[in-house]
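Below, chain A is the first sequence line, B the second, and so on; all start at residue 1.
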Protein chains: 2
Amino acid sequence: MKKITIKEIAEMAGVSKATVSRVLNDSKYVSPEIYSRVMKVIEETGYKPSFIARSLVNKKTKVVGLLIPDISNPFYSELVKGMVEVANKYDYNILLCNSFFNQKKEMDFLKLLWEKEVEGIIFMTHEITNKHRKFFEKYTRPTVTVNRKFWGFDIPNVDIDNFLAGYDATEYLVKQNHHRIAIVRAPLSDETAGVERYEGYKKALEDYGIDFDEKLVKEGNFKADTGYKAMEDLLELDSPPTAVFCVNDEMACGVINCVVEKGLKVPEDISVVGFDDIPLASMFIPSITTIRQPIYDMGALSMELMYKMIKGEKVESKTYVLPHKLVVRQSTMKNE
Amino acid sequence: MKKITIKEIAEMAGVSKATVSRVLNDSKYVSPEIYSRVMKVIEETGYKPSFIARSLVNKKTKVVGLLIPDISNPFYSELVKGMVEVANKYDYNILLCNSFFNQKKEMDFLKLLWEKEVEGIIFMTHEITNKHRKFFEKYTRPTVTVNRKFWGFDIPNVDIDNFLAGYDATEYLVKQNHHRIAIVRAPLSDETAGVERYEGYKKALEDYGIDFDEKLVKEGNFKADTGYKAMEDLLELDSPPTAVFCVNDEMACGVINCVVEKGLKVPEDISVVGFDDIPLASMFIPSITTIRQPIYDMGALSMELMYKMIKGEKVESKTYVLPHKLVVRQSTMKNE
DNA sequence: TTGTAGGCGTTATCAC
DNA sequence: GTGATAACGCCTACAA
């Protein structure tokens, strides 16, 4: 079953291809009679113009490329949801690339997105490397990052104030009378969850005159089991913490699981604060006190920025900071 | 910065476009000297052939369309992960369409995917309607469904045996000595989670001589709060259930939350079984006994089938049944 | 208002 | 082996 083309429609309607094209594109210069005659044929045949051919002419694929590390991670999937909703609003589609945290794949995908001539790229990576820099020196189409500032490049970024968020979480625990507060952070290669939130944590301790203790700093990779492992270590300390701040909710789950399995209680024995406020956080027992990131909104905003850039509007290449919020639930309480 | 084309490369290398094209496509009919001369120019200029133009001539977009209800739902996002991994293996990309459970959007997306000339469509919908049927009567490119048999059409489907899974979950509870077993199922418009698993539940009761009690049947929409609500109702019964089977894990969470908030315990007072085995199920406290669906594998298989069909290989248009498995955890125990 | 013709960047089919 | 040249399906001056 050969695909119907504009030529056939033209012949069937007894007009030229140009006229059919005009009808298709709602040009004003077509008489009502011809318009309806052509429309009739189009509907009868179920003709659908080829996006490919169109793209070739007008350079608009109506597709934006999305590069993320892991679609099955609830943080990213919520982000993507915000993006697709906005993209749809503007009749854009998303070409999904999942890097699985693999740098080589990331670079391959970037090249691919370029070749496929997406109109722009929204990308998220664990760490920005020189390869990325090299790529984006040549790639001049609209680009937006989320959660990762691309220093030295003309690329807008959508994020929260991670330093302040880390500060807020810690300050809250301090005010709950906790003095030994541990942190489970990401690797330092992660600028936001490894460095900035961590710095906020340290600054809060400092501001409230609490000595920083390196033994209370653990590193995880965002997965629950690394939170669990971190907590195991912390509990073996001579003087274990009374509160733990985790830079994401899944690790907080792991921490709580560990505490409970050791026969202790959350929050009675140990308070736990998470980060992100993924759906899990409120469903968990105990529900988890956490820093809410407006994840959906971040996704939506990044796509709005992308669209503006595609339209040719100027957007500042700064970090667009969205508000975070401490959500107090059952996993924390005042320290006696 | 104008994009470089094959024509420029040809001129710079002092050959014809045809030759450049041959180099690009690894045709054997090019002399080594010319080959390297052309390659040099390509590398120096960073030239990337246009996928669009290519697609126009050879009809291969190397893209498959994916239509799902909600990317932020952990079940779907895991499924998608399986798909992208396989798609990547074959150098295919995924155009992501999120219908938000909206039928009109679904149909719009299907049309769009057709226009964008994706090489195939994998689609998931809550309910297959006549509009879908009408569409797929005309759409002849490869199509695969997941979790939804498209009766009467030549379309393969990937799924588990939902009837048996419902049976297994119920039978397990019966063997744990439970006699009043409630079910929180999906709406009956949902053939798998609303009907088949429910039928399995009923059959198990029947086989073990337990009277079916309509009061113990509740309906939810897969969200935790509907599970919570269902449990509230169940607890108000004169003779409440001692066990609850939920057709997904999130509703099971809601059920457990309700039980706990009413001052009862899981599993001591009430056993709860979920379905899917999303990551949450094992992290939850208590960890949730559930029916594991091989979600990732289902995604992977559906894309493998898609690829075969694209290649022109014949694939049976049957339901490809993957194995499910009861995973016993802490949310269930023997009834005294 | 409508038609003609050229072009978008490739690949494929011929000759040479 | 290599080079013209005609598609691929559509849009858009330019003419009429």
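Note: NZ (Lys59(A)) to P (dC10(D)) measures 16 Å, nearest angstrom. When the P atom of dT5(D) is taken as reference, atom NZ of Lys7(B) falls 13 Å away, rounded to whole Å. Between the CD atom of Glu8(A) and the P atom of dG9(D) there is a distance of 8 Å, rounded to whole Å. Distance, Phe51(A) CZ to dC11(D) P: 10 Å, rounded to whole Å. Distance Ile6(B) CD1 to dG3(D) C1': 13 Å, rounded to the nearest Å. For the pair Arg37(A) CZ and dT1(C) C1', the computed distance is 13 Å after rounding to whole Å. Distance CG (Asn25(A)) to C1' (dA13(D)): 15 Å, rounded to an integer number of Å. For the pair Ile9(B) CD1 and dT11(C) P, the interatomic distance rounds to 13 Å; values are reported in whole Å.
Counting any heavy atom pair closer than 4.0 Å across all strands shown, Val20(A) reaches no nucleic acid atom. Heavy atoms of Lys17(B) sit under 4.0 angstrom from at least one base atom. Using a 4.0 Å heavy-atom criterion, one finds that Ser50(A) contacts the sugar-phosphate atoms exclusively. Within 4.0 Å of Ile52(B), counting heavy atoms only, lies no atom of the nucleic acid at all. Within the nucleic acid shown, Tyr35(A) has no heavy atom closer than 4.0 Å to any nucleic acid atom.
Relative ring orientation between His132(B) and Phe123(B) is described as tilted, the plane-to-plane angle lying within the 30° to 60° band.
Side-chain atoms of Asn157(A) never come within 3.5 Å of backbone atoms of Tyr320(A) as a donor-acceptor pair (strictly under, hydrogens ignored). Glu127(B) places no side-chain N or O within 3.5 Å of a backbone atom of Asp190(B) that could act as its donor or acceptor partner.
Considering only side-chain atoms of Ser16(A), the nucleotide from dC10(D), dG3(C), dT11(C) that sits closest is dG3(C). Residue Leu56(A) places its side chain closer to dG9(C) than to any other of dG1(D), dT12(D), dG9(C). When the nucleotides dG1(D), dC14(C), dG9(C) are ranked by their closest atom to the side chain of Thr5(B), dG9(C) comes out on top. Of the candidate nucleotides dG9(C), dG1(D), dC11(D), dC11(D) has the atom lying nearest to any side-chain atom of Ser21(A). Comparing dC10(D), dT2(C), dG1(D) by their closest approach to the side chain of Ser31(A) singles out dT2(C). In the set dT2(D), dA12(C), dC10(D), dC10(D) carries the atom at the smallest distance from any side-chain atom of Val57(A).
For the OP1/OP2 pair of dG3(D) and a distance below 4.0 Å, the side-chain nitrogens and oxygens of Thr19(B) include at least one atom meeting the criterion. Of the side-chain N and O atoms in Asn58(B), none sit less than 4.0 angstrom from OP1 or OP2 of dA12(C). Between Tyr47(B) and dT10(C) there is a side-chain N or O to OP1 or OP2 distance below 4.0 Å.
Residues Arg133(B) and Ile128(B) meet the side-chain proximity criterion, which asks for heavy atoms closer than 4.5 Å.
Nearest approach of Ser72(B) to Glu78(A), heavy atoms of both residues: CB-OE1, 3.5 Å.
Heavy-atom distances to DNA chain D give each of Arg54(A) and Arg22(B) a nearest nucleotide, and the one nearer the 5′ end belongs to Arg22(B). Nearest-nucleotide positions on DNA chain D place Ala18(B) closer to the 5' end than the other of Ala18(B) and Glu117(B).
A cation-pi arrangement is not found for Lys111(A) relative to Phe109(A), the charged atom failing to lie both closer than 6.0 Å to the ring centre and inside a 45° cone about the ring normal.
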